[in-house]
Amino acid sequence: MSVTLRPSGQKMPLVGFGLWKVPTDSCADTVYNAIKVGYRLFDGAQDYGNEKEAGEGVRRAIADGLVKREDLFITSKLWNTFHSKDHVLEMTKKSLADWGLDYFDLWLIHFPIAQKYVDPAVRYPPNLLFDADAGTMEFEDVPISETWAEMEKAVELGYTKNIGISNFAGALIIDLLRYAKIPPAVLQIEHHPYLTQPQIIALAEQRGIAVTAYSSFGPQSFLELGHPLAQTVGLLLEADLISSIAKAHGKTTAQVLLRWATQRGIAVIPKSNNPQRLAENLNHVDFDLTPEELEKVSGLNVGLRFNDPADWPGKIYIFA
């Protein structure tokens with residue numbers, strides 16, 4: 001299953017593998033094994049710090065004849081410290097070199113947050129740029145229009161087939177569309193039954209922007225990070241409603257949560273190191289939830305956002 005991206009017309013798989021928090025020492029093997037199972041979309045980012053290892057897994061799979069490059073859909077994301085026109089293309093090329101690729105299928109702005117430049121030779125990935133003495137984040141006055149113009153150049157130069165955005169709010173998307181020569185093909189957002197975001201999904205559909213969901217299992221992704229809300233809220237994978245729906249269809253709770261998204265045309269990028277769950281996550285599209293079940297799962301929404309820069313040191317209220 002796939003979604004057709006605009007304006008390129010390229011098809012993006014509806015189910016992919018997310019590389020967030022995949023350890024560097026196992027990343028190459030994880031990517032290789034995921035390709036072997038059947039994954040064709042891999043979602044990475046500069047901030048994940050594992051692009052070289054992910055690329056190694058891809059190269060090994062291609063060398064072994066499992067896939068050709070054109071069979072894969074590779075996504076990466078520009079980090080906050082590289083938004084300036086002086087650095088976007090330079091860092092696009094760095095990520096391509098780390099992956100060992102000639103082009104990305106999709107290149108996203110990770111957050112609508114411009115921070116002070118950090119030379120990759122000094123620290124890479126830079127992570128969050130925080131001045132501990134002042135207790136504040138270090139920003140740079142770079143408008144999204146400047147960054148987007150350089151993203152468009154990346155398309156024109158053949159560095160990427162599609163460009164898009166991640167963690168953008170609606171008003172900022174509407175503004176971007178006013179000046180974009182190449183509109184964003186994809187919007188990536190946190191999306192799970194505790195945070196359904198129907199309005200921004202409706203906006204994306206209205207403007208022809210495909211949506212990719214991350215953290216499809218809600219708090220599960222944030223437990224190991226010690227997120228306070230993840231420690232106290234009920235796990236979606238263990239929720240009574242999700243469990244009863246899974247039992248009715250003979251599926252796992254993870255498959256129900258993923259199907260709740262993909263049945264509505266929203267792409268998902270779960271990860272797992274467990275071979276069985278790896279296959280189950282990929283092969284969750286062979287059943288449909290009833291309209292009533294879809295509505296009940298959506299009814300779990302409480303507007304609970306786990307990946308919120310307002311919780312970062314320095315507090316950045318991009319979703320205010």
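Residue numbers count from 1 along this sequence. Source: prediction; values computed, not measured.
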For Ala267 against Met12, the heavy-atom pair lying closest together: CB-CE, 3.9 Å
Side chains of Leu187 and Ile200 in contact at under 4.5 Å (non-hydrogen atoms): yes
Could you check whether the rings of Phe104 and Trp99 sit parallel, tilted or perpendicular, using 30° and 60° as the cut-offs? perpendicular
Between Gln115 and Glu140 (side chain of the first, backbone of the second, donor and acceptor by atom type, cut-off under 3.5 Å), is there such a pair? no
Is there a donor-acceptor contact under 3.5 Å from the side chain of Thr232 to the main chain of Leu229? yes
Could you tell me which non-hydrogen atom of Lys11 sits nearest to which non-hydrogen atom of Ser2, and how far apart they are? CD-OG, 3.6 Å
Without swapping roles, check the side chain of Asn283 against the backbone of Ala279 for a donor-acceptor pair under 3.5 Å. yes
With Pro112, the side-chain contact (heavy atoms from CB on, under 4.5 Å) member among Ile144, Ile316, Ile165: Ile144
Find the distance between NE2 (His249) and CG (Asp288) and round it off to the nearest 0.5 Å. 8.5 Å
Any chance the side chains of Thr253 and Glu238 put a donor and an acceptor closer than 3.5 Å? no
Please tell me if the side chains of Ile318 and Ile113 come closer than 4.5 Å, counting only heavy atoms from C-beta onward. yes
Tell me, please, whether Tyr103 has Arg69 positioned over its six-membered ring: NZ or CZ under 6.0 Å from the ring centre and within 45 degrees of its axis? yes
Set of salt bridge (Lys or Arg N to Asp or Glu O under 4.0 Å) partners for Lys68, sequence neighbours left out: none
Would the Phe111 and Trp312 ring centres measure less than 6.0 Å apart? yes
Is Pro13 close to Tyr39 at the side-chain level, that is, under 4.5 Å between some pair of heavy atoms? no
If you take the centroid of each ring, where Trp contributes its six-membered ring, are Trp260 and His191 closer together than 6.0 Å? yes
What heavy-atom pair brings Leu258 and Ser216 nearest, and what distance separates the two atoms? CD2-CB, 3.8 Å
Determine yes or no for a side-chain-to-main-chain donor-acceptor pair under 3.5 angstrom, with Asp308 supplying the side chain and Asp311 the backbone. no
Within the structure provided, determine whether Asn281 and Lys271 are in side-chain contact (heavy-atom separation under 4.5 Å). no
How long is the span from the CG atom in Leu41 to the CG atom in Asp105, to the nearest 0.5 Å? 8.0 Å
Minimum side-chain heavy-atom gap Glu51-Gln46 below 4.5 Å: yes
For atom CD of Gln199, is the number of surrounding heavy atoms from other residues, nucleotides or ligands below 6.0 Å larger than 12? no
Measure centre to centre between the rings of His83 and Tyr117, then say whether the value is under 6.0 Å. no
Closest non-hydrogen atom pair between Met137 and Gly314, with its separation: CG-CA, 3.9 Å
Just to verify, which of Glu293, Gln255, Lys251, Glu292 counts as forming a side-chain contact (heavy atoms from CB on, under 4.5 Å) with Ile245? Glu293
Gln276 CD: over 12 foreign heavy atoms closer than 6.0 Å: no
Side-chain donor/acceptor of Tyr48 to backbone N/O of Pro125, under 3.5 Å: no
Determine whether Leu257 and Ile242 make a side-chain contact, defined as any pair of heavy atoms from C-beta on separated by less than 4.5 Å. yes
Shared hydrophobic cluster, Val122 / Leu128 (ILVMFWY, side-chain heavy atoms < 4.5 Å): no
Is it true that atom CG of Asp240 has more than 12 heavy atoms of other residues, nucleotides or ligands lying nearer than 6.0 Å? no
Taking a hydrophobic cluster as the set of Ile, Leu, Val, Met, Phe, Trp and Tyr residues connected by side-chain heavy atoms closer than 4.5 Å, whether directly or through intermediates, do Leu89 and Met91 fall within one such cluster? yes
Shortest non-hydrogen contact from Lys77 to Gln188? CE-OE1, 3.3 Å
Between Asn307 and Tyr214, is a side-chain hydrogen bond (donor to acceptor under 3.5 Å, both in side chains) present by the stated rule, with each step listed? CA-CA 10 Å; Asn307 190 19; Tyr214 69 79; 2.9 Å; yes
Any Thr30 side-chain heavy atom under 4.5 Å of Asn273 side chain: yes
Any ion pair linking Asp29 and Arg60 (charged N to carboxylate O, less than 4.0 Å)? yes
How about Glu90: does its CD atom have over 12 heavy atoms from other parts shown lying under 6.0 Å from it? yes
Is Leu225 reachable from Leu235 through a run of hydrophobic residues whose side-chain heavy atoms are each under 4.5 Å from the next? no
Compare all side-chain heavy atoms of Leu101 with those of Tyr159 and state whether any distance is below 4.5 angstrom. no
Atom CZ of residue position Arg305 - does it have more than 12 heavy atoms of other residues, nucleotides or ligands inside 6.0 Å? yes
Linked, directly or transitively: Leu195 and Ile201 (ILVMFWY side chains, under 4.5 Å): no
Ring centres under 6.0 angstrom apart (Trp79, Phe82): no
Thr24 versus Glu53, side-chain donor and acceptor atoms under 3.5 Å: no
Is the positively charged end of Arg40 above the ring of Phe73, judged by distance under 6.0 angstrom from the centroid and angle within 45° of the axis? no
Under 3.5 Å, is there a donor-acceptor pair between the side chain of Asp64 and the main chain of Leu66? no
Please tell me whether Tyr317 and Phe319 are part of a single hydrophobic cluster in this structure, the criterion being side-chain heavy atoms less than 4.5 Å apart. no
Which of these, Thr75, Ile269, Ile35, sits in a side-chain contact (heavy atoms from CB on, under 4.5 Å) with Phe42? Ile35
Does a side chain donor of either Ser8 or Lys161 reach within less than 3.5 Å of an acceptor in the other side chain? no
Between atom CG of Leu177 and atom CG of Leu172, what is the distance when rounded to the nearest 0.5 Å? 10.0 Å
Which distance, rounded to the nearest 0.5 Å, do you find between the CZ of Arg207 and the CG of Leu176? 11.0 Å
Keeping the roles fixed (side chain from Asn167, backbone from His110), state whether a donor-acceptor pair exists under 3.5 Å. yes
Please list, chain by chain and in numerical order, all residues satisfying salt bridge (Lys or Arg N to Asp or Glu O under 4.0 Å) with Lys21, sequence neighbours excluded. Glu224
A quick test of your reading: do over 12 heavy atoms of other residues, nucleotides or ligands sit less than 6.0 Å from CG of Asp286? yes
Residues Trp107 and Thr92: side-chain donor-acceptor under 3.5 angstrom: yes
Flag the pair Asp98 and Lys94 as a salt bridge only when some basic side-chain nitrogen lies within less than 4.0 angstrom of an acidic carboxylate oxygen. yes
Gln197 side chain to Glu190 backbone, donor-acceptor under 3.5 Å: yes
Within 6.0 angstrom of Asp102 CG, more than 12 heavy atoms from elsewhere: no
Rounded to the nearest 0.5 Å, how far apart are CG of Leu203 and CD1 of Ile174? 5.0 Å
Is any side-chain N of the basic residue among Lys153 and Glu150 closer than 4.0 Å to the acidic one's carboxylate O? yes
Do Trp148 and Phe168 make the cut of ring centroids closer than 6.0 angstrom? no
Determine the minimum heavy-atom distance between Ser221 and Trp20, stating which atoms define it. CB-CZ3, 3.8 Å
